[in-house]
Amino acid sequence: MESPAANEGDNLAVESRHASALAEPQWTRLLAAAIRDVDVLWRELDLPAAALPAARAAAKLFPLLVPRGFMALMQRGDLNDPLLRQVVPLAAELEQHADCSPDPLAESGCADTPGLLHKYHGRVLLVTTGACAVHCRYCFRRHFPYGELPRGRRWWSDAVAHISADTSISEVLLSGGDPLTLPDAQLAELAAELAAIPHLVRLRIHSRLPVVLPERVDERFLAWFTRGRLRPVLVIHANHPREITPAVAAACQRLRAAGVTVLNQSVLLAGVNDRVEILVELCEKIFTEAGVLPYYLHALDRVQGAAHFATADAVAIVLVREMTARLPGYLVPRLVREIPGQPNKVSIV
């Protein structure tokens, strides 16, 4: 027969594990459970077996990653589902195209210090991590040399020193990968150091997590992002109206209620959102339900492995003109392309 002391010890161990689980944010557990195996995705969504061998080959070049909550929005058995198409490895990724590049924006020549990209006047972009919550197959940084970035808790020291020394910089963009895959404690420490630089006025984050993993917008995140001196701006990334679920809308509403300026940028993708009805619905829904203003509609960056998403400029221009005829001006995103060496993004219309 076990002694009372033994039972008490077991109970304390259980309570300790329970407390540890409670301390861990929900979003980290959900991210850890994301699908990374092509065979699992095929089984979960009952996808056509004939496409599986090519998907395995494409995933070796750029791994699959999709949260289960985002996968749950996809239509079973439909390889052309617009949400699935954004994340599923396809045979087309194995094709080589002369007009595509591993570094379509020539970012390798924009780094003032490792991980710090200074493309435009007055603002710099800090590549915080190579990690994401979802691997978008059209990602222009799918070949980015993340392994060359500094490592360790204070990896940003040189970048902060550079920003502090350049008084022309008023805004810092945290990008990646996705910065919101990093722990809040680490991001809060970085944000505090940036807030101590007198000439900075804004801190902007570009993240797909509020869309594919809306649980990330929790109290811990809002606490450090909204209580500092710098004006907080969050640019989310949604491409299709079906991505704007009640959970996503609620996350965006929490951000807005906390004083964050929230904008959306999309990429124009063949087979995903290259119809005016879809783009109009996205702009209407993201504003009406989530309170988010459309910001940019990007022409595809010609990264190697994503040519099958390309839409001709002539088609894009017609789409935006049709959107303009159907929507109030403040709901029409700017159709733009990023051209290496230009001082700003270039409007196509």
Check whether any side-chain heavy atom of S175 lies under 4.5 Å from a side-chain heavy atom of V127, and answer yes or no. no
Heavy-atom nearest pair, S207 first then L209, reads OG-N, 3.1 Å
Have E243 and Q86 got a donor and an acceptor in their side chains that come within less than 3.5 Å? yes
Using only heavy-atom distances, determine whether the side chains of R137 and H135 contain a donor-acceptor pair under 3.5 Å. no
Within the side chain of T28, is there an N or O that forms a donor-acceptor pair under 3.5 Å with the backbone of P25? yes
Taking every heavy atom of P89 against every heavy atom of W42, the minimum-distance pair comes out as O-CH2, 4.2 Å
#### Entry: Beyond-backbone contact of V217 with W27, side-chain heavy atoms, under 4.5 angstrom
no
- Heavy-atom check, side chain of R68 versus side chain of E44, under 4.5 Å: yes
**Prompt:** Any side-chain heavy atom of H199 within less than 4.5 Å of one from S168?
**Reply:** no
inquiry  = Set out, in order, the CA-CA distance, both residues' side-chain angles and the distance that settles side chain to side chain contact (heavy atoms under 4.5 Å, CB included) for L282 and H240, then state yes or no.
reply    = CA-CA 6 Å; L282 171 62; H240 193 279; 5.9 Å; no
Notebook entry, point to check: Any chain of hydrophobic side-chain contacts (each under 4.5 Å) joining I278 to L319?
Noted result: no
Answer yes or no: are there more than 12 heavy-atom neighbours, outside R36 itself, under 6.0 Å from its atom CZ? yes
- Task: Assign the ring pair Y296 / H298 to parallel, tilted or perpendicular, where the plane angle (0 to 90°) is split at 30° and 60°.
- Result: perpendicular
One should read off an interatomic distance between L293 CG and R256 CZ, to the nearest 0.5 angstrom, of 8.5 Å
- Query: When you check the gap from the basic side-chain N to the acidic O, do D39 and R56 get nearer than 4.0 Å?
  - Reply: yes
Around atom CZ of R229, are there more than 12 heavy atoms of other residues, nucleotides or ligands at under 6.0 Å? yes
Shared hydrophobic cluster, V66 / V272 (ILVMFWY, side-chain heavy atoms < 4.5 Å): no
Heavy-atom nearest pair, A54 first then A91, reads CB-CB, 3.5 Å
**Report entry** Salt-bridge contact R123-E171 (side-chain N to carboxylate O under 4.0 Å)
**Finding:** no
Between L31 and C132, the two heavy atoms sitting closest are CD1-O, 4.3 Å
Let's go through Q265 and V235 carefully: what are the C-alpha distance in whole Å and the side-chain angles of both, what is the deciding distance for side chain to side chain contact (heavy atoms under 4.5 Å, CB included) to 0.1 Å, and is it a yes or a no?
CA-CA 7 Å; Q265 60 180 359; V235 180; 3.7 Å; yes
Under a 4.0 Å N-O cut-off, is there an ion pair linking D178 with R208?
no
Open item on the list: Using a 3.5 Å distance criterion without hydrogens, assess whether the side chain of E93 forms a donor-acceptor pair with backbone atoms of A57.
Closed with: no
*asked:* Membership question, hydrophobic clusters at under 4.5 Å side-chain separation (ILVMFWY): are V134 and L269 in the same one?
replied: no
Q: State whether a side-chain donor-acceptor pair under 3.5 Å links T311 with D274.
A: no
Here the gap from T226 atom OG1 to L203 atom CG, rounded to the nearest 0.5 Å, amounts to 11.5 Å
Is there a side chain to side chain contact (heavy atoms under 4.5 Å, CB included) between F221 and I205? Walk through the geometry before answering.
CA-CA 12 Å; F221 166 57; I205 292 177; 4.2 Å; yes
Discussion item. Looking at T129 and G177, would you say the former's side chain and the latter's main chain have a donor-acceptor pair under 3.5 Å?
Written reply: no
Side-chain contact, heavy-atom cut-off 4.5 Å: R85 with H308? yes
Nearest heavy-atom approach of L116 to L126 is CD1-CD1, 4.1 Å
Interatomic distance, CG@L255 vs CG@L234, rounded to 0.5 Å, equals 5.5 Å
- request: Could you tell me whether a side-chain N or O of N273 sits under 3.5 Å from a main-chain N or O of N239, the two making a donor and an acceptor?
  value: yes
Check whether Y295 and V280 end up in the same hydrophobic cluster, where Ile, Leu, Val, Met, Phe, Trp and Tyr are linked by side-chain heavy atoms less than 4.5 Å apart. yes
message = Please tell me whether R29 and Q26 have a donor and an acceptor in their side chains that are separated by less than 3.5 angstrom.
response = no
query = Salt-bridged, R216 to D184, with N to O below 4.0 Å?
reply = yes
Taking every heavy atom of A238 against every heavy atom of I286, the minimum-distance pair comes out as CB-CD1, 4.2 Å
Are the side chains of M74 and R76 in contact, using a 4.5 Å heavy-atom criterion? no
Q.
When you compare the side chain of V262 with that of I236, does any pair of heavy atoms fall below 4.5 Å?
A. yes
query = Hey, does the side chain of D301 reach the backbone of V303 with a donor-acceptor pair shorter than 3.5 angstrom?
reply = no
Which of L73, L79, D78 passes side chain to side chain contact (heavy atoms under 4.5 Å, CB included) with Q75? Answer is D78
Rounding to 0.5 Å, atoms CE (M71) and CG (D81) come to a distance of 11.5 Å
**Asked** Under the side chain to side chain contact (heavy atoms under 4.5 Å, CB included) criterion, do I197 and I163 qualify, and how do the steps go?
**Response** CA-CA 8 Å; I197 300 174; I163 295 166; 3.9 Å; yes
Less than 3.5 Å apart, any donor N or O on the side chain of S347 or R337 sitting next to an acceptor on the other? no
Point to revise | Residues R254 and D218 bridged, charged N to O under 4.0 Å | key: no
field: L174 reachable from L222 in the ILVMFWY side-chain graph, under 4.5 Å edges
entry: yes
Could you tell me if the side chain of V267 sits less than 4.5 Å from the side chain of F309, heavy atoms only? no
Exercise. Measure from the side-chain N and O atoms of R202 to the backbone N and O of S170, and report whether any donor-acceptor pair falls under 3.5 Å.
Key: no
